[in-house]
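Just so it is clear: chains get the letters A, B, ... in the order the sequence lines come, proteins before strands, and each one is counted from 1.
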2 protein chains.
Amino acid sequence: MNQKNIATLVDVARRSGVSTATVSRFINTPEKVNKKTRDKVERAISELGYVPNFGARVMAAKRTNTIGAVIPTMENAIFARGLQAFQEGLHDHGFTLLVASSSYNPDIEEEQIRSLVARGADGLLLIGHDRNLKILEFLERHQIPTVAAWSLNPHSRIPSVGFDNLTAMRQIVDAALDYGHRHIGVISAHTKNNDRARERLNAVRLTLHERSVSPENLSIIETDYGVDEGSAAFEELIAQHPSLTAVICGNDVLAVGALKRARELDIRVPDQISITGFDDIEIGQVAFPSLSTVHVPHRAMGSAAAELLAKMITNSAPYRSVELHTSLVLRESLGPARTSVKS
Amino acid sequence: MNQKNIATLVDVARRSGVSTATVSRFINTPEKVNKKTRDKVERAISELGYVPNFGARVMAAKRTNTIGAVIPTMENAIFARGLQAFQEGLHDHGFTLLVASSSYNPDIEEEQIRSLVARGADGLLLIGHDRNLKILEFLERHQIPTVAAWSLNPHSRIPSVGFDNLTAMRQIVDAALDYGHRHIGVISAHTKNNDRARERLNAVRLTLHERSVSPENLSIIETDYGVDEGSAAFEELIAQHPSLTAVICGNDVLAVGALKRARELDIRVPDQISITGFDDIEIGQVAFPSLSTVHVPHRAMGSAAAELLAKMITNSAPYRSVELHTSLVLRESLGPARTSVKS
DNA sequence: TGTGGGTGTGTAAGCGCTTACATTTACTGG
DNA sequence: CCAGTAAATGTAAGCGCTTACACACCCACA
C-alpha cells in the first residue's frame, strides 16, 4: 500500500500468495487462470478493495478502450441525444466515452483533442469539419481513428457520419418559397469555424438565387447560440425589415427564441410571419405554435458514428463516410406568406 | 519513437541535447529552466509534435488535475447548464472536467465512479445522495474529495452543494393550494434511487397534510424522464381522475409534456387545469402557456460546486455544504382552481 | 519409463514520465 | 585566486501495470 492507502496489484499478489502476473491475468483473461487460484485472487481483491490503476494499465498495455468526443457545448440539447446514442453504441463494443466541450472555440477544441489523445483515447468523435491542418496532422501522426459528425464532407481526410447541411436546409427553404415567401430573414449561428452554419446559410442564398429571388430580399443576422439570442435577433430583424414574411433560423433554439419574441410582440405566427427551425429537438414540439423544422436523425447518427469508429479502431479497416438523410417536419409555424406587406 | 510513431520525452531530450529531467522541467516548471535551454527544448517539442503521455505522467506524479462528474443523463437540459458552469469554474482552477453518464442506473453509476477514480480523478461531482454504502466507502478509502449537487443532505458523509428539494417543492405546492386547488395530481420522476424526486414528492404529501387536504385528493404517477412520458402520464391522470384541477410535475420536462398533451386534448391551461414544473429550464419559458415553476440556480450551483471541490482538493480543508435557494416563478400555467368539477 | 504437449505460474523487462539527489557551472566577495 | 553559494542540469530510481519467455507440472500415449 502506498501513502494514499490504495491497494496495488502487488498487494493483491502478496495477499493471495501468487505472482503479479497471475493477478494481472485474473483481471484481463480470467479463463487462463485456474479456478482455485481465481477464487483466492478474487477474495484478496475484494478484501483490499483493489481497483487497477488506469494510467499504469494504459502505459503497459497501450490500449484504453476509451474514446473521446469533443462537442461545441454541453449547454444545449442538439448534441445530447446523438451523444447518448453514441455512448450506448460504444458501450456495446466495450468502449467508454469521455466527453469534453470546446465552447465553440477552436483553440479550446484543439486543447481538448490533445488532452484526450494524451489520455490515450483510442478514437475521437468531432463535430463538423472546420479545423486547421495542424490538428489534423497531429491526429494522423498519432494514428487516432477519428470521425466527424453532424456534417458531411467527402473531401475531408476525416470520414463523416452525418448529413449534407446544404441539401437539408434547402428542403425547408424550398418549402418556404413554395408558400409564397419572397422576403426572407435568416437568423444564423456564427458561420466562422462552423461548417454546419455556413452550409445552411449557403443553402438559403443558393435556393433564392435558383428561384430568382433577389438577394436584396434576403436579410441575415448571425448571432450566438441561445433562446434569448434568437429573440433579440428576431426583433432586430423585423424592426429593420418590416417587409419580411418568413424568418428561417439556423437551428431550433434560435427559432424558438424568435417564436417567443413574436408572441411577446403580438405578432401572429404563421399568419403574419412564418418561422422555421433546424434540428427537430423537443423544444420545437412544445413551443407554440409548434415549429416547422428539418428533422435530423440524431440517434441514428450517434449509433452510426459508434459503429464506424469501433470498426476503424478494431479492424483498422478501410472506412467510408456514412450519409444520413434529413426530412422536413411541417408543423404550425410555417404558413403562406401574407399578401399585404403591412399586417 | 515507438511503433506508433509517437515522440516521447526521451526523443525530445535526445533531439535537444538535454536530459529527460530538463525536458520534464520545461513542461512542468519552465521558470526553472534557462532561457537558452528552454528555446532548444521548445523547438524540439514542436518539431516532433510531442505530447506528454498522460498515463505516464499520472503514474509518476500522482496528480491528474482532472475531476470527474457522473450525471444521470446527458439527454436533457437539466444538468447541462449547471455542468457548464461547473466546468468553467474548474477551468479557472486549472482542472479538466470529464463527464460520464449513468442512465439513472446505480450500477452504471458505480462503474463510472470506479472508472473515473481508476483514471486518477482528483475529485468527483455526483448528483444527489442516493447511493449505497459500498461506493461511499470506496471513495473514502481512496480519499477522493467528492461533492453531491442538486440536493442537500446534512447527514450524508458527502458534502452537498444544492438546495433543499423538499422546501423548494413546497413553495409551488403552497402556491397551488393558495389558488384554491384541492384535487391535485402529481407526475413524478421515479423515486427509487432518486432523492430529489422523492423529496419533491414528499413535499406534496406533507404540504397537503399540513393544510388539511385529504390524501384521497392526491393522485400520483411515477414515470420515466421525457416530454412524451409527461404527456402520457398527464392523459392517464386526468382520465382516471377527472376532478383534478392541478397537476404538479416533478420537473419541467414532464410538465411541458403535460402542457403539450393538454393542448392536444383541447384542455385549457390554466382555466380548466393548472400545471406546474420544477427546475426552470428554457423549455418552460417557450412552452405555451408558459410554465409556472420553481427556479433552480443552476449556474450558481455549478460554480459553487467547482469552488468547493477545488478547495477540498488543494487544501484538504474542512469543508461545509453550500445551500442555495430556489424561488417561485409564476408564469401562465398556474391559475385559480375552476369551481365546478366538470369543465 | 520416456516423450510430447497442454496448462498454469512465475520472473523480470519495460511502458513514459517525475523528482530526490548528485553534480556541474557561474558568480560573489574576501 | 579560491571558498562559498545559488542556479542549472544530469542521473537514476521508481510509479503500477502487462506480457514475452521460461519453467514446472500433469497426463496421455507409445
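When distances run from any side-chain atom of A:R57 to the nucleotides D:dC17, C:dG16, C:dT18, the shortest one goes to D:dC17. Among C:dT11, C:dC15, C:dT18, the nucleotide with an atom closest to any side-chain atom of A:A60 is C:dC15. The side chain of A:N28 lies closest to D:dT18 when the candidates are D:dC17, D:dT9, D:dT18. Nearest to the side chain of B:S19, among D:dT11, C:dT18, D:dT18, sits D:dT11.
Taking atom CZ of residue B:R119 and atom P of nucleotide D:dC15, one finds them 23 Å apart after rounding to whole Å. Rounding to whole angstrom units, NZ of residue A:K40 and P of C:dG8 are separated by 14 Å. Between A:K36 atom NZ and D:dC25 atom P the separation is 15 Å, expressed in whole Å. Here C:dG6 presents its P atom at 18 Å from CG of A:N34, a figure rounded to the nearest Å. For B:F26 and C:dT19, the CZ to P distance is 17 Å, given to the nearest whole Å. One atom, CZ of A:R25, and another, P of D:dC17, lie 15 Å apart when rounded to the nearest Å. Remark: C1' of D:dC17 and CG of A:N65 are 15 Å apart, rounded to the nearest angstrom. As rounded to whole Å, 6 Å separates atom P of C:dT18 from atom CG of B:L9.
In the interface, the side chain of A:R38 is not paired with the base of C:dG8 through any donor and acceptor atom under 3.5 Å apart.
Looking at heavy-atom distances under 4.0 Å, A:V23 makes no contact with the nucleic acid at all. Contacts of B:A21 with the nucleic acid, taken as non-hydrogen atoms under 4.0 Å apart, include base atoms. If you check every strand for non-hydrogen atoms under 4.0 Å, B:Y50 touches sugar and phosphate atoms only. Residue contacts shown for A:V58 are absent, as no nucleic acid heavy atom lies under 4.0 Å away. B:S24 comes within 4.0 angstrom of a nucleotide base, judged by non-hydrogen atoms across all strands. Among the heavy atoms of the strands lying under 4.0 Å from A:V18 are primed sugar atoms or P, OP1, OP2 only; no base atom is included.
If B:A56 and B:T22 are placed on DNA chain C by their nearest nucleotide, the residue sitting closer to the 5' end is B:A56. Each of B:A61 and B:K32 has a nearest nucleotide on DNA chain D; the 5'-most of these lies closest to B:K32.
Shown here is A:H91, whose NE2 atom has no more than 12 heavy atoms of other residues, nucleotides or ligands within 6.0 Å.
Residues A:R57 and A:N65 have side chains that never bring a donor and an acceptor to within less than 3.5 angstrom of each other.
Remark: A:E307 does not engage A:K311 in a salt bridge, criterion side-chain N to carboxylate O under 4.0 Å.
Shown here for B:P52 and A:A118, the closest heavy-atom pair between the two residues is O-CB, 3.4 Å. When all heavy atoms of A:S160 and A:S151 are compared, the pair lying nearest together is CB-O, 3.4 Å.
Residues A:I127 and A:R196 have side chains in contact (heavy-atom distance under 4.5 Å, counting atoms from C-beta outward).
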